[in-house]
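Order of the sequence lines fixes the chain letters, A, B, ..., with proteins taken first and strands second; residue numbering starts at 1 for each chain.
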Number of protein chains: 2
Amino acid sequence: MSVGIRHDDLRRRNRAMVIAAVRRAGQPSRTEIAATTGLSHSTISAISSDLIGEGILAESKPIEAGSLKRGRPQVGLSLNAEAAAVMTVVLSLNFLSVAVIDYAGQVISEEQRRLDTLTMPRDTLIGECVAIVRRRLEDPDLDVRSVARIALAIQGITDTRARAMLWSPITPHTDIAFADILEDEFGIPATMENDCNMMAVALRWRDPQRYRDDFIAILLSHGIGMGLVLKGQLFTGTHSSGGEFGHMIHQPKGALCRCGRRGCVEAYAGNYAIWRNARQLGEDTEPVADVSDADMRALAAAARDSEGPEREAYRKAGEALGYGLGSLFALIDPAPVAMVGVSAAAFDLIEPALREAIAQTAGGQHSEWISFDTEPNELPLIREGCAMRALTFVDQEIFAPGAQTRSGLVSKNVA
Amino acid sequence: MSVGIRHDDLRRRNRAMVIAAVRRAGQPSRTEIAATTGLSHSTISAISSDLIGEGILAESKPIEAGSLKRGRPQVGLSLNAEAAAVMTVVLSLNFLSVAVIDYAGQVISEEQRRLDTLTMPRDTLIGECVAIVRRRLEDPDLDVRSVARIALAIQGITDTRARAMLWSPITPHTDIAFADILEDEFGIPATMENDCNMMAVALRWRDPQRYRDDFIAILLSHGIGMGLVLKGQLFTGTHSSGGEFGHMIHQPKGALCRCGRRGCVEAYAGNYAIWRNARQLGEDTEPVADVSDADMRALAAAARDSEGPEREAYRKAGEALGYGLGSLFALIDPAPVAMVGVSAAAFDLIEPALREAIAQTAGGQHSEWISFDTEPNELPLIREGCAMRALTFVDQEIFAPGAQTRSGLVSKNVA
DNA sequence: GCTCTTTTTTTCGAGCCTCGAAAAAATACT
DNA sequence: AGTATTTTTTCGAGGCTCGAAAAAAAGAGC
């Protein structure tokens, strides 16, 4: 089952810890690293000297801010941007976006492309992804060998091993092992992530104050997705990416959901559901394929303008989200929530019914404490999350070698 | 945030690993331990020699089973039963049960007692617990100093730090810091656990084949509880024991629940709910305080006997459980389920509606795969779980000292 | 301009820990 | 009794972290 700690693991882990400390803090001095890691100054000195020698870290200017201090000035350590690069591939409805990011986290090359993902044959979809990655890798500004890892994100369900997309609303095709495909094609380790999980990862890096050990990112878009961090760990299902908050049951035998079932939270709170209710089409009406952001904004404007079916549609969305969150909170206790996506811009219309519903649930014990944040634009978040995830893998695997890992999966059984 | 690995941690962790390997395997040889932990023979030899010298492990007879083998026979290592003892305290509705267990896991002293927990004043309830523990500690057969840890379990919500009961259906009183009270009284480290979590822990030890990394234990009793193991880890909420499956919302604004809210799963599947529906009392009827096991068995018999309100009551329970499980599975993916408690004996009446409901949900994708096990008697399981939990603490803390832990809580911030 | 103080960083020896190889131990086979 | 086989122990080598002390690099004071 669990495996003993070998002697050589020690250095590897502590190297990884130093790299992680530098990535988090930006430009910490050796003394600061010693404080945050709890290791001795001598150890930090030895490890950072190694890492600098290997070109992974670099000494930057002495820290100027507090130059009032006496004594030898601290020397800031920073990541060497040229040590490596990673690539992010974000595949969403009718849209493909790729970026190359240096080791310090700066975008150095990117490309975006519209495609008709819903009608595209399987091979074309895969081909488009491979082609866009190849174009970026062949970018003359870039040294191909420096791209150490690729992180893909897709709306939909991925497997826990982060190899394949199992199901996605953006395409009728299922079980596409994107990670394996890209690995075979380019020989670069790749992982396939769920978009909402990447949102959560990004939020954690963006605002570690608010999004620390426990929080929830909910995507309010055409569908409803969730990324969940519990006790500092990204939460995934046992076999798939899990966290399919949008398909928790709000109303047994209720409204028709895009997934073909009935009564899911999404069937009340997804863009298509809000649209359907606002147009008073009835809960059995087949979900429309897509509602433009502009249409959704118009809907929200109409709802704000006057009482009517639009406002009622947002109310119903809030109620479904509230009861869903209440059930979730019964399982995990309340935590800060970030609402992301177009409908997050209409959260003022959603919030009252949501809070009312959540107060009816066991999880909503102290619903006044529960705080919501909104972020209307999901794409940058997803990309940022992918970038950080890929960089973290590079930190752990490439620059702290020796682990029994392969492609992001820590193997549990060694015997 | 995360802390570097000090040099002395190494030995401590590997000692703990060896102890854990012996506890799991029963009588493994040094060679077997080396294989399961991945450590070298020399290391295992050194560590086990230390542990034997400290009286924690003991060499037992050479393993006889496969005595056909050539070569030096393996020497089995086992836990020294006298190395320590732990105490379990299980507090359930109108019932208090205490046992002392030796380091090898055998019960060496026990006592059970009926009390009227629902009407008892706060101090009396606490006093009864303290008194029964004192009586067991003063048992002449027992060396007091050898009791190294106490694990309490209670039906209800506990805090993540495992110090206090926050809320429980068995008493009107709230926020009783049982762990602190016993620690102060007897100077023995104590933890306060949730009963269903202990059931899950016990199932894992009882049948590691079936209940390994991911599974669910559901208590079908007066209330509905859940213990959840995900990726080999006991799942708890961010602040409380969490996993309040019984209070996920099945039907917004639905049947009246014991918790005062409406539409919880428990309001359809708890004993009182089945009773209420079987008696056709209406969903707004105030839940009864208790239904005897005999009454529940009679109800099940009547339901099996003929179509009627009893059978319909079990159907409704199954539906609520099914939709609830479906929502849960949407979050975590399906996993093996153990149904525990009186109504688990009536699972034949519950299962059809449960499976039908779960098939209507996203989490019930392949509902035919989902397997259920039943165990009508929860008390032994809870006690077993407490014992293993307490013993594991002793393994980790007492016999592998140096960790920055206190009373079961691993401190995350060292700086 | 020089010395003293303060703080950061590096150096160095001590003490552990794990590992691999070889030796020792304990049994079955012939 | 001797040989083969398997388990367990022994022993030296190599690494790692740690604490103390030294070195380095500034500001403060005169």
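Side chain of A/S40, nearest nucleotide from C/dT18, D/dG19, C/dA26: D/dG19. If you check D/dA25, C/dC17, D/dT9 against the side chain of B/L10, the one that comes closest is C/dC17. With distances taken from any side-chain atom of B/R70 to the nucleotides D/dT5, D/dT17, D/dA25, the minimum falls on D/dT5.
Distances shorter than 4.0 Å separate some side-chain N or O of B/R11 from OP1 or OP2 on C/dT18. For A/N14, no side-chain nitrogen or oxygen approaches OP1 or OP2 of D/dC16 to under 4.0 Å. OP1 and OP2 of C/dT10 both lie 4.0 Å or more from every side-chain N or O belonging to A/S42. Between A/R30 and the phosphate of C/dT10, there is a side-chain N or O to OP1/OP2 separation shorter than 4.0 Å. Phosphate contact (OP1/OP2 of D/dC16, side-chain N/O of B/R6, threshold under 4.0 Å): absent.
Across the protein-nucleic acid pair, A/I47 atom CD1 and C/dT9 atom P stand 15 Å apart, rounded to whole Å. Going from atom CG of A/L39 over to atom P of D/dG15 covers 20 Å, rounded to whole Å. In this structure, CE of B/M17 is placed 11 Å from P of C/dT18, rounded to the nearest angstrom. Rounded to a whole Å, the CZ atom of B/R12 is 20 Å from the P atom of D/dC16. Between the P atom of C/dA23 and the CZ atom of B/R72 lies a distance of 16 Å, rounded to the nearest Å. The interatomic distance linking A/I33 (CD1) with C/dT9 (C1') rounds to 12 Å, in whole Å. The interatomic distance linking A/D9 (CG) with D/dG14 (P) rounds to 20 Å, in whole Å. In this structure, the CD atom of B/Q74 is 13 Å from the C1' atom of D/dT5, given to the nearest Å.
As judged by a 4.0 angstrom heavy-atom cut-off over every strand, A/S45 is placed among the base-contacting residues.
Counting heavy atoms of neighbouring residues, nucleotides and ligands inside a 6.0 Å radius, atom CD of A/E54 exceeds 12 of them.
The 5' end of DNA chain D is approached more closely, in terms of each residue's nearest nucleotide, by B/S49 than by the other of B/S49 and A/T43. Where B/I44 and A/G71 each meet DNA chain C at their nearest nucleotide, the meeting point lying more 5' is that of A/G71.
Residue B/K231 forms a side chain to side chain donor-acceptor pair (under 3.5 Å) with just one option from A/T236, A/T238, A/T160, and that option is A/T236. Between A/R163 and the choices A/D180, A/T158, A/T191, the side chain to side chain donor-acceptor pair (under 3.5 Å) rule is met once, by A/D180.
With rounding to the nearest 0.5 Å, the separation of CD1 in A/I56 from OG in A/S48 is 11.5 Å.
In this structure, A/R149 forms a cation-pi arrangement with A/F393, its terminal cationic atom sitting closer than 6.0 Å to the ring centre and no more than 45° off the ring axis.
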